[in-house]
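In this text the structure is predicted, and so the values were computed from the model without any measurement. In what follows, every heavy atom counts, from backbone to side chain, and hydrogens, waters and symmetry copies are set aside. Throughout, a chain's letter reflects where its sequence line sits, starting with A, and its residues are numbered from 1.
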2 protein chains.
Amino acid sequence: MREPTFLILTALAGGPRHGYGIIREVTTLSEGRVTLLPGTLYTALDRLTAQGHVAHDRDETVDGRLRRYYRLTPDGRRALEVETVRLRQLATAAETRLGALRPRTA
Amino acid sequence: MREPTFLILTALAGGPRHGYGIIREVTTLSEGRVTLLPGTLYTALDRLTAQGHVAHDRDETVDGRLRRYYRLTPDGRRALEVETVRLRQLATAAETRLGALRPRTA
DNA sequence: TGACCATGTATCGATCATCGACATATGGTC
DNA sequence: GACCATATGTCGATGATCGATACATGGTCA
């Protein structure tokens, strides 16, 4: 799973959101580092829906504009949990090796 | 940066290694989860060398077999550090949202 | 009035790291 | 003689992401 997909699932872990809302949430939770492109988001949502990680929630119309909401499925939540553990293990493994060769300054 | 590339840099953060040594080291540090394929490893090493993240270290011949060693450059070390921080931030962001909706059992 | 921006969903070709299979060679074991 | 571990390398296919584009609404600003 790549970063944009991970961030989409993370955004939905905070509750159902519509596409554009996911884009803004991902910008926020990545601290401005990642700006989701429409092409990435909507193809990812289609793929995640087909995989059962995400489900269509409801449609709303606000000010004449459609909002299509998505939510994380129990399956998607599990996938995100597994992925989170993986990322933490990777970070720890790298930190161990980086730290071993570079003694602390203080 | 994707997982195989990250693991290659992490393996080299422990000191210079030759290709096959990297494959075994990656298997170890990923706890058996990732087995690097030759196609992934050697194209990645070429790419990382061109990017300046990795450099050719030395060649050895052991039992009639060539060993081509690579090492992490200061640039590669910095890239790995940046990437590690990124992974940790991603994991933390996800854990916050996962935890918020699923109260602790104890 | 017209330009521009934020909101909102959607498609499509290009890019590029990885995958999977294959090639080639040596040395040891069964 | 077959097979496996060691060791480096190429090549076509796959697939998520990128970048551009399209289209529609409502608000602001000149």
Side-chain angles (χ1 to χ4, degrees), chain A residues 1-12 16-28 30 32-51 53-54 56-70 76 79-80 83 86-87 90, chain B residues 1-12 16-28 30 32-51 53-54 56-70 76 79-80 83 86-87 90:
Chain A
M1 186 186 300
R2 303 200 207 168
E3 188 174 34
T5 299
F6 181 84
L7 288 167
I8 290 167
L9 294 183
T10 301
L12 290 177
R17 277 194 171 71
H18 67 288
Y20 200 76
I22 295 173
I23 291 177
R24 283 180 305 192
E25 178 67 13
V26 163
T27 300
T28 299
S30 70
R33 194 169 46 74
V34 178
T35 302
L36 228 47
L37 297 166
T40 303
L41 175 68
Y42 292 104
T43 57
L45 284 175
D46 288 345
R47 177 171 29 90
L48 290 168
T49 299
Q51 288 173 349
H53 290 340
V54 153
H56 180 242
D57 195 65
R58 67 185 187 277
D59 284 342
E60 281 182 8
T61 301
V62 177
D63 290 331
R65 290 190 206 93
L66 176 68
R67 285 183 178 178
R68 176 153 293 170
Y69 281 77
Y70 294 88
L80 180 57
E83 200 67 8
R86 183 176 73 86
L87 293 186
L90 287 174
Chain B
M1 187 186 299
R2 301 199 210 169
E3 188 174 34
T5 298
F6 182 84
L7 288 167
I8 290 168
L9 294 183
T10 300
L12 290 176
R17 276 193 172 74
H18 67 290
Y20 200 77
I22 294 173
I23 291 177
R24 284 181 305 191
E25 177 68 12
V26 163
T27 300
T28 301
S30 71
R33 194 169 46 74
V34 177
T35 301
L36 228 48
L37 297 167
T40 302
L41 175 69
Y42 293 104
T43 57
L45 285 175
D46 287 346
R47 177 171 30 91
L48 290 168
T49 299
Q51 288 172 347
H53 290 340
V54 153
H56 180 243
D57 196 65
R58 66 186 187 278
D59 284 341
E60 281 182 7
T61 302
V62 178
D63 290 330
R65 291 189 207 91
L66 177 66
R67 287 184 178 176
R68 176 152 292 169
Y69 281 77
Y70 294 87
L80 180 57
E83 201 66 8
R86 182 176 74 86
L87 293 186
L90 287 174

Pair A:Leu80, A:Leu12 - check side-chain contact (heavy atoms from CB on, under 4.5 Å), show working. CA-CA 10 Å; A:Leu80 180 57; A:Leu12 290 177; over 6 Å; no
C:dT9 phosphate, OP1 or OP2, under 4.0 Å from A:Tyr42 side-chain N/O: yes
Spacing between B:Tyr20 atom OH and C:dT26 atom P, to the nearest angstrom: 17 Å
Between C:dT9 (C1') and A:Ile22 (CD1): distance, integer Å: 12 Å
Rounded to whole angstroms, how far apart are CZ on A:Phe6 and P on D:dT17? 13 Å
Tell me whether the side-chain N/O atoms of B:Arg2 come closer than 4.0 Å to OP1 or OP2 in D:dA16. no
Quick check for you: to the nearest 0.5 Å, what is the distance between A:Ile8 atom CD1 and A:Arg47 atom CZ? 7.5 Å
Just how far, in rounded Å, is P of D:dA7 from CG of B:Leu45? 15 Å
What distance do A:Leu36 atom CG and A:Glu25 atom CD have between them, rounded to the nearest 0.5 Å? 11.5 Å
Can you tell me if A:Arg67 touches the phosphate of C:dT9, counting only side-chain N or O atoms and a distance under 4.0 Å to OP1 or OP2? no
Residue whose nearest DNA chain D nucleotide is more 5′ - A:Gly64 or A:Gln51: A:Gln51
Side-chain N or O of A:Arg65 closer than 4.0 Å to phosphate OP1/OP2 of C:dT7: no
B:Pro38 near the nucleic acid: base, sugar-phosphate alone, or nothing, with a heavy-atom cut-off under 4.0 Å? base
Are any of B:Thr43's side-chain N or O atoms less than 4.0 Å away from OP1 or OP2 of D:dG9? no
For B:Glu3 and A:Leu41, find the nucleotide of DNA chain C closest to each by heavy atoms; which residue's nucleotide sits nearer the 5' end? A:Leu41
Which is true for A:Gly39 with a 4.0 Å heavy-atom rule: it touches a base, it touches only sugar-phosphate, or it touches nothing? base
Got a sec, which residues hit side chain to side chain contact (heavy atoms under 4.5 Å, CB included) with A:Arg65, two or more places apart in sequence or on another chain? A:Asp63
At what distance, to the nearest 0.5 angstrom, does CZ of A:Arg67 lie from CG of A:Asp59? 12.0 Å
Which word best sums up how the rings of A:Tyr69 and A:His18 line up, parallel for under 30°, tilted for 30 to 60°, or perpendicular for over 60°? tilted
Classify B:Leu37 by what it touches in the nucleic acid, base, sugar-phosphate, or nothing, heavy-atom distance under 4.0 Å. base
Taking C-beta and beyond as the side chain, do B:Val26 and B:Thr10 meet within less than 4.5 Å on heavy atoms? no
Return no unless some side-chain N or O of B:Arg24 is found under 4.0 Å from OP1 or OP2 of D:dA5. no
Which sits closer to the 5' end of DNA chain D, A:Leu36 or B:Leu66, going by the nucleotide each is nearest to? B:Leu66
Atom pairs under 3.5 Å, N or O on each side, protein against nucleotides 12-14 of chain D: can you list them with distances?
none

